[in-house]
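Heads up: numbering here begins at 1 and tracks the sequence. All values reported here derive from a predicted model rather than from experimental measurement.
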Amino acid sequence: MSPRHSVTGPVRTIRTGERSGAPKSICVTGGAGFLGSHLCARLIDEGHRVTCIDNFHTGRPDNVAHLARSNRFELVEHDVIDALPDRLPAFDEIYNLACPASPVHYQSDPVRTALICAEGAANVLYRAERDGARIMHASTSEVYGDPEIHPQREDYCGNVNTVGPRSCYDEGKRFAETLITDFARRSGVVVKIVRIFNTYGPRMQPDDGRVVSNFILQALRGEDITIYGEGQQTRSFCYVDDLIEGFARLMASGPEVDGPVNIGNPAEITVGELARIVIEMTGSPSRIVHRPLPVDDPRRRRPDITRASTLLGWGPRVPLTEGLEKTIRYFASLGPTLAPALHGPVFRPGARSESVVQI
């Protein structure tokens with residue numbers, strides 16, 4: 001065990017039962033990001049004490065500023081590549097969401113992305129072992145690669161490229177699943193793994209290069225809407241509130257929920273149809289233009305959510321048009337602050353040194 005991962009405090013008893021209703025001390029890594037900020041807000045609303053850890057590489061303090069009204073929220077600037085600070089409280093639960101999740105961000109420093117998946121997961125695991133905490137790890141549908149089985153079930157091993165431009169993220173997440181599973185078998189730490197499919201909603205980053213945010217911003221600006229390829233590739237879009245509900249149910253689940261669980265919306269739509277819907281909903285004069293398809297871009301993406309439905313009683317509830325309306329309203333509210341470019345670094349890379357701020 002390297003010094004970075006050493007366990008420096010007393011080891012608490014691992015919690016193996018289901019999550020109780022009592023307030024807990026909960027850590028959310030990547031908590032100032034798009035998904036993390038929504039999760040932090042939900043946990044605060046439930047009465048828990050939340051420590052949000054983020055290095056602000058892709059997350060933003062503004063995403064969690066509204067939680068300043070609570071004295072149960074702490075924002076910690078820290079990089080999970082380094083061990084979680086000893087001064088933080090002992091945690092009952094850790095949600096590990098720390099990793100850039102859009103190609104424009106994770107490809108900007110692929111080596112660092114791979115290390116975040118590996119070293120970050122290891123640091124969370126060792127902290128959970130020390131604290132006796134349960135872990136929910138955010139994996140991704142990208143572990144399926146460009147799938148040859150449709151829809152994608154959790155027992156599908158994927159069709160992946162280990163040396164392509166997306167491999168730092170795809171393979172990093174696959175390795176993290178292996179590490180977490182093996183660590184749990186050895187240590188007894190309770191782990192839950194969620195495979196997230198395309199998610200959208202308020203507080204998406206304007207520069208993340210994802211299809212929903214790209215289309216909405218281009219439509220609001222009256223710019224051409226860029227479709228890569230012919231637009232026949234499909235995606236399945238889950239509204240953020242539905243995803244967070246899935247997180248909560250998975251973390252609360254008992255030992256009968258073992259192994260990865262898909263959380264996403266099985267309603268499949270082509271990218272071209274999504275563009276037409278966004279143009280109609282925004283009343284935009286935008287035209288659709290086509291560009292070459294990126295390397296290893298999945299042709300079809302749709303989750304089989306049988307496990308989530310059967311074991312968690314979970315299913316998406318927000319229709320696409322309702323979720324898009326809320327997301328369009330959010331981006332429109334940014335007004336002149338809309339990012340002038342859809343790609344490129346907008347937010348500074350986070351420092352690795354520990355700096356703690358209470359808001």
Side-chain angles (χ1 to χ4, degrees), residues 1-20 22-32 36 39-40 43-44 46 48-55 72-99 115-139 172-173 175-194 247-248 250-255 257-259 350-358:
M1 183 185 305
S2 69
R4 176 179 293 171
H5 299 143
S6 61
V7 178
T8 58
V11 177
R12 297 163 65 200
T13 302
I14 300 294
R15 290 165 173 77
T16 58
E18 296 187 6
R19 181 183 181 190
S20 71
K24 290 181 170 58
S25 174
I26 300 177
C27 175
V28 181
T29 69
L39 175 60
C40 286
L43 294 172
I44 289 293
E46 290 178 348
H48 302 294
R49 169 77 187 182
V50 176
T51 300
C52 169
I53 294 178
D54 208 294
N55 70 351
R72 291 177 283 102
F73 181 78
E74 185 178 24
L75 176 61
V76 178
E77 183 176 1
H78 180 78
D79 194 318
V80 296
I81 286 182
D82 295 319
L84 274 59
D86 286 337
R87 60 144 315 267
L88 297 179
F91 299 120
D92 299 298
E93 297 176 351
I94 303 175
Y95 289 84
N96 185 36
L97 276 59
C99 187
L115 289 174
I116 290 169
C117 292
E119 298 281 359
N123 282 318
V124 166
L125 286 165
Y126 285 113
R127 183 55 179 252
E129 184 179 36
R130 190 188 92 171
D131 291 356
R134 296 160 62 93
I135 295 177
M136 194 216 75
H137 174 72
S139 190
K173 288 292 190 177
F175 174 81
E177 288 193 11
T178 301
L179 176 65
I180 286 167
T181 302
D182 287 342
F183 190 98
R185 291 181 182 134
R186 186 202 73 178
S187 67
V189 169
V190 177
V191 300
K192 305 292 180 179
I193 299 174
V194 56
F247 284 4
L250 182 59
M251 180 64 94
S253 64
V257 183
D258 186 26
R352 290 180 61 174
S353 60
E354 178 185 353
S355 175
V356 181
V357 170
Q358 180 124 19

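Looking at Arg127, its side chain does come within 3.5 Å of a backbone N or O of Pro85 through a donor-acceptor pair. Put simply, the side chain of Ser139 never gets that close to the backbone of Val194: no donor and acceptor are under 3.5 Å apart. At least one donor-acceptor pair closer than 3.5 Å links the side chain of His78 to the backbone N or O of Ala83.
Taking 4.0 Å as the cut-off between side-chain N and carboxylate O, Asp92 and Arg49 do not count as a salt-bridged pair.
Annotation for Lys173 and Cys99: closest pair NZ-CB, 3.9 Å, computed over non-hydrogen atoms. Nearest heavy-atom pair across Pro89 and Asp131 is O-OD2, 4.0 Å. Shortest non-hydrogen contact noted between Ala98 and Gly30 is CB-N, 3.8 Å. Scanning all heavy atoms of the two residues, the minimum distance from Asn123 to Val80 falls at ND2-O, 2.8 Å. Heavy atoms only, all atoms of each residue included: Ile135 and Met251 are closest at C-CE, 4.0 Å.
Taking Asp182 as the reference, Arg185 meet the salt bridge (Lys or Arg N to Asp or Glu O under 4.0 Å) condition, with sequence neighbours excluded. Residues forming a side-chain hydrogen bond (donor to acceptor under 3.5 Å, both in side chains) with Lys192 (at least two apart in sequence, or on another chain): Ser253.
Two residues are said to be in side-chain contact when any heavy atoms from C-beta on lie closer than 4.5 Å; Leu125 and Ile180 meet this criterion.
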